[in-house]
Amino acid sequence: MIYTSTRDKSIGVSASEAIAKGISSEGGLFVPTEIPTLSLDDIKRIGTLDYIGRAKEVLKLFLTDFTEEELDMCVNGAYKKGKFSSDKVAPLYKLNDKENILELWRGPTCAFKDMALQLLPYLLTVSAGKTLKDTKIVILVATSGDTGKAALEGFKDVPNTEILVFYPVDGVSPMQKLQMATQEGNNVSVCAIRGNFDDAQSGVKAIFTNKEIEKKFKENNLAFSSANSINWGRLVPQIVYYVSAYCDMVENGSLKLGEEMNVVVPTGNFGNILAAYYAKEMGVPIKKLICASNSNNVLTDFLKSGTYNKNRDFYCTASPSMDILISSNLERLLFILSGYDAEKTAEYMRELSVDGKYSVDSDLYKKISDLFDAGYCDDNATKATINEVFKKYDYLCDTHTAVAVNVYEEYTKRTGDDTPTVIASTANPYKFSASVLSAITDDIKSKDEFSMVEELFEKSKEPVPPQLATLKGKAPRFTRVSDKEDMAQVVFDMLGI
């Protein structure tokens, strides 16, 4: 399996090189030059395995330069018993005859990012051993909330790595901020920036592609990589749970093997729903991919019009992990559906950088609209959905999952499509206690985050994850706040160079 860049098709690297580098030197993203396939017989066989077995079967198709022993070590290390609060790792909760909630937040940081970021340190360590000997890997992360903590937890004290996370100072929930600021580990660092997630993400990308910084790193035997979903090693583990979800839909009787399901994903950076697209292209019977957005509905507008325009108001919402206006992984989809046309993709990205917008041609838009549907909801509708789901099904969902449920229900009203559906649930509700509590009751007595956690438990009886409960009273280690223009200096300060 060879990987190329979305902006330079002459590039050809192995999976290990793609994972170790994170991003191509000209700013493009690595993608496999072909998508492997699964037959229905393959899916039936995979369905008999546990999650670790399913992961190995899918990953070996993409990571062809990993030995069987290396892949065993990576997958077993990531998903071994005790790391996730469910033996199924990513279990389905059958909400009703049509809606199945895919709980992707059973890992150590209570967010779906654990599904990939428990695995990525193993993949990166193996990859670096093949391609970057005697070099320390510096992981740079921009986060809108969940990626940061999951990456810090995954990479803490991993030998020969350093990790630095940037987050928007006012753009994450109090629980997300506390999770990052109290992170343990000798190789970790966290810095808030004045700005939003897009500022953090653009800053990280600028550091990656700065030739002077690259030269300074080489002089010090350092190399950058990324734990964001721009890194293929972050995205490929996400394909696994959509394959697994289909197997579970067959197992729980929602589908017969070969019947189609829909997939709904609350997404800002487009990586999570792109993984579902890859699963569909591999042969998993997925009918429609439904993209759910909050008030920062740049993706919804694009999928309904073919024009991507980030020149709009930015909203800080109750679903902050989706507060994004530059959806990096959309670049991969444009590249694939344009027939792996790197020149066209690079031009779209240039227009986005210069003008803040681009419009795809009619042929490309037809392909996109055939695959995807989209919708969005604001904070009022999000909270109303949390309340409705809790009262109707005695199921407590977080603010991001509620966006997906709302968009799905509006989709079914609009289209009449009653295909059995998997809804990606991306975070534990206690990560957003204030918003979730205010959604299910008007009678709030609490004043601080942890009192709200306790009050939410009293009203819902949903267990509080111990890794969140134990944050109470913990003193922050990291309090630095920087301007976005100073992000490179923050990196140098962290590394002492």
Audit row: Q176, K149, side-chain hydrogen bond (donor to acceptor under 3.5 Å, both in side chains) steps and yes/no: CA-CA 7 Å; Q176 289 173 314; K149 172 60 181 177; over 6 Å; no
Determine, stepwise, if the pair R54 / E57 fulfils salt bridge (charged side-chain N to carboxylate O under 4.0 Å, His left out). CA-CA 5 Å; R54 292 173 181 180; E57 288 297 308; over 6 Å; no
Let's go through N294 and D323 carefully: what are the C-alpha distance in whole Å and the side-chain angles of both, what is the deciding distance for side-chain hydrogen bond (donor to acceptor under 3.5 Å, both in side chains) to 0.1 Å, and is it a yes or a no? CA-CA 8 Å; N294 61 20; D323 291 348; 2.9 Å; yes
Begin with the C-alpha distance, continue with both residues' side-chain angles, and end with the deciding distance and a verdict on side-chain hydrogen bond (donor to acceptor under 3.5 Å, both in side chains) for S226 and N231. CA-CA 6 Å; S226 172; N231 190 321; 5.3 Å; no
Check the pair F270, F372 against ring pair (Phe, Tyr, Trp, His ring centres under 6.0 Å), reporting the backbone distance first and the verdict last. CA-CA 12 Å; F270 206 73; F372 292 87; 5.6 Å; yes
Begin from the C-alpha positions of Y278 and W232 and carry the test ring pair (Phe, Tyr, Trp, His ring centres under 6.0 Å) through to its verdict. CA-CA 12 Å; Y278 268 103; W232 178 252; 5.3 Å; yes
Let's go through W105 and T426 carefully: what are the C-alpha distance in whole Å and the side-chain angles of both, what is the deciding distance for side-chain hydrogen bond (donor to acceptor under 3.5 Å, both in side chains) to 0.1 Å, and is it a yes or a no? CA-CA 6 Å; W105 40 262; T426 56; over 6 Å; no
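Side chain to side chain, N309 and N311 meet the donor-acceptor criterion of an N or O pair below 3.5 Å. Residues Q489 and D493 bring a donor and an acceptor atom of their side chains to less than 3.5 Å of each other. Side chains of S446 and S451: no donor on one and acceptor on the other come within 3.5 Å. For the residue pair T147/K113, the side-chain donor-acceptor check at 3.5 Å is satisfied. A donor-acceptor contact closer than 3.5 angstrom links the side chains of T6 and E331. Residues T441 and D443 bring no donor and acceptor atom of their side chains to less than 3.5 Å of each other. A donor atom on one side chain and an acceptor atom on the other are found under 3.5 Å apart for N272 and Y242.
When side chains are defined from C-beta on, I207 counts as touching M487, because their heavy atoms get closer than 4.5 Å. The shortest side-chain heavy-atom distance between F302 and I368 falls under the 4.5 Å cut-off. Side-chain contact between I326 and Q201 is present, with heavy atoms from C-beta onward closer than 4.5 Å.
Under a 4.0 Å N-O distance rule, the pair R414/D373 qualifies as a salt bridge. A salt bridge between K461 and D394 is absent, with no side-chain N of the basic residue lying under 4.0 Å from a carboxylate O of the acidic one. Ion pairing of D198 with K310 is absent here, as no side-chain N (NZ or NE/NH1/NH2) approaches a carboxylate O to less than 4.0 Å. A salt bridge links E153 and K156; the closest N-O separation between the charged side-chain nitrogens and carboxylate oxygens is under 4.0 Å. Under 4.0 Å is where a charged nitrogen must lie from a carboxylate oxygen, and between R312 and D301 at least one such pair does. Between K88 and E251 a salt bridge is recorded (basic side-chain N to carboxylate O distance below 4.0 Å).
Aromatic pair H400/F432: ring centres closer than 6.0 Å. Checked against the 6.0 Å centroid criterion, the rings of Y395 and F390 do not qualify as a close aromatic pair.
Remark: side-chain polar atoms of S327 are not paired, donor with acceptor, to backbone N or O of N269 under 3.5 angstrom.
Qualifying salt bridge (charged side-chain N to carboxylate O under 4.0 Å, His left out) partners for D486, counting only residues two or more places apart in sequence or in other chains: none. Applying the side-chain hydrogen bond (donor to acceptor under 3.5 Å, both in side chains) rule to N428 yields no partners; only residues at least two apart in sequence or on another chain are considered. Applying the salt bridge (charged side-chain N to carboxylate O under 4.0 Å, His left out) criterion to D170, with sequence neighbours excluded, gives no partner residue.
No cation-pi contact links K413 to Y411, judged by a cut-off of 6.0 Å to the six-membered ring centre and 45° from its axis.
Ring geometry, F84 versus Y79: the interplanar angle falls from 30° to 60°, so the pair is classed tilted.
Of all the heavy atoms in V165 and T143, the pair that sits closest is CG1-CG2, 3.6 Å.
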